[in-house]
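Beneath this line is the structure, given in structure tokens, with notes to follow.
The first residue of the sequence shown is numbered 1, and numbering continues consecutively from there.
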Amino acid sequence: MGRDDIIALWFGEGCWKTSDKAVETASEALRDGVHFYQSNNGMPVLRQAISDYLDRIYGLKIDRPRVTVTTSGMQGLALAAQVLIDPGDRVVSIEPAWPNLSQVFRISGGEVEIQSLKPGEGRWVLDLDELLARLTADTRAVVINSPNNPTGWALDLDEARVILTHCRKHGIWIIADDVYSRLYRGADFAPGILQLAEPEDRVISANSFSKAWSMTGWRLGWLVTPPELEQPLATLTEYNIACAPGFVQLAGAEMLRNGEDEVHLLRKRLAEAYAVTAKRLTALNRVTFYEPQGAFYCFFAVDGMTDSLAFAKKLVKEAGVGLAPGIAFGPMGEGYLRLCYAQPVDRLEEAFTRLQKAMG
């Protein structure tokens with residue numbers, strides 16, 4: 001941190017700035033005096049824009065009372081944990097995963113049990129039978145991040161249907177982290193639980209403006225929930241942060257209404273970056289590469305690496321390239337490194353040239 005010679009591929013964000021559409025909308029709102037508290041669940045204009053977006057892109061009819069605006073996807077997950085989890089509640093989380101995902105449920109007192117993704121034929125896979133065996137009647141919730149950070153694994157629609165049916169039977173809540181839904185390779189959006197759920201199903205979908213719209217620093221997201229959670233979430237939001245800033249919410253609404261071209265531009269950039277990354281990773285000595293289905297990461301194994309944190313530090317020192325150590329994503333992540341490829345092609349080429357020298 002602070003070194004200008006490092007090619008930093010460790011963070012979960014792209015290098016591209018937010019669209020001028022969002023910047024100009026927020027600036028205009030500030031000039032117009034949007035400086036005050038907003039409704040706990042979000043400004044009606046943004047809640048409606050989210051509802052319209054889910055209909056336009058996914059074909060989902062989500063009434064506005066089911067939408068809660070949050071200050072980031074992370075805060076949405078924290079609200080989900082607070083509204084659902086009592087101390088001692090059993091929660092199953094699919095990992096490797098972004099560590100915040102399970103930690104927020106532990107903070108609320110949940111007893112988190114891990115269901116591991118496993119390397120398959122060139123990609124990560126979920127043992128569905130093993131997961132269902134863990135999802136017993138005493139389970140309060142299952143947490144599913146798809147497409148997954150760090151592996152790029154994604155549910156298919158048949159798996160989603162089986163999980164939803166099983167959780168309906170046992171009264172288990174499904175927390176779907178859908179932040180990378182639009183960053184799915186081969187289609188305009190990833191298959192997901194929300195696409196199959198009825199309004200009364202015990203399903204909470206968390207989403208964010210951070211990834212698909214390159215708005216990580218804006219801190220804005222949303223939840224889709226059963227309608228009966230509207231008021232409890234409003235109360236929790238009041239006690240957490242009161243509301244998301246109005247000028248940020250208006251920028252988010254603008255991106256949902258008129259920013260689809262920005263999503264497609266990002267997807268084009270990521271496709272170009274992935275092509276370089278896959279080619280260069282495959283050529284690296286000692287590396288086993290697993291194809292991601294979505295998000296913008298490659299989670300790859302390094303033969304003989306037993307301490308991913310020490311190895312990542314070594315790469316910073318010797319190659320000037322920053323990668324995230326696999327151990328950060330849970331014990332099953334040891335032996336792996338995560339590379340965020342949301343970078344220009346020339347920067348990635350330079351990073352791999354450095355890694356080639358350092359890794360032999």
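- In this view, Phe105 satisfies the ring-ring contact (aromatic ring centres under 6.0 Å, His included) rule with no residue, not counting sequence neighbours.
- Scanning for ring-ring contact (aromatic ring centres under 6.0 Å, His included) contacts around Tyr341 gives Tyr274, with sequence neighbours left out.
- Counting Ile, Leu, Val, Met, Phe, Trp and Tyr side chains that sit under 4.5 Å apart, directly or through other members, Val34 shares a hydrophobic cluster with Met43, Val45, Leu250.
- Every residue was checked against the ring-ring contact (aromatic ring centres under 6.0 Å, His included) condition with Phe289, not counting sequence neighbours, and none meets it.
- The side-chain contact (heavy atoms from CB on, under 4.5 Å) check on Ala22 picks up Thr18, Met215, Trp218, Ala251, Met255, with sequence neighbours excluded.
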What donor-acceptor contacts under 3.5 angstrom involve side-chain atoms of residues 309-332, with partners at least two apart or in another chain?
| from | atom 1 | to | atom 2 | distance (Å) |
| --- | --- | --- | --- | --- |
| Lys314 | NZ | Glu318 | OE1 | 3.2 |

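- Remark: Asn258 engages Glu254 in a side-chain contact (heavy atoms from CB on, under 4.5 Å) (not counting sequence neighbours).
- Not counting sequence neighbours, the partners of Glu238 by the side-chain hydrogen bond (donor to acceptor under 3.5 Å, both in side chains) test are Asn40.
- With sequence neighbours left out, the side-chain hydrogen bond (donor to acceptor under 3.5 Å, both in side chains) criterion links Ser208 to Ser210.
- When the side-chain contact (heavy atoms from CB on, under 4.5 Å) test is applied to Glu349, the partners found at least two apart in sequence or on another chain are Val276, Arg280, Val345.
- Under the ring-ring contact (aromatic ring centres under 6.0 Å, His included) criterion, Phe11 pairs with no residue, sequence neighbours left out.
- Below 30°, between 30° and 60°, or above 60°: for Trp124 and Tyr336 the angle between ring planes is between 30° and 60°, a tilted geometry.
- Residue pairs meeting the salt bridge (charged side-chain N to carboxylate O under 4.0 Å, His left out) criterion with at least one member in residues 165-184, sequence neighbours excluded: Arg168-Asp201, Arg182-Asp188, Arg182-Glu260.
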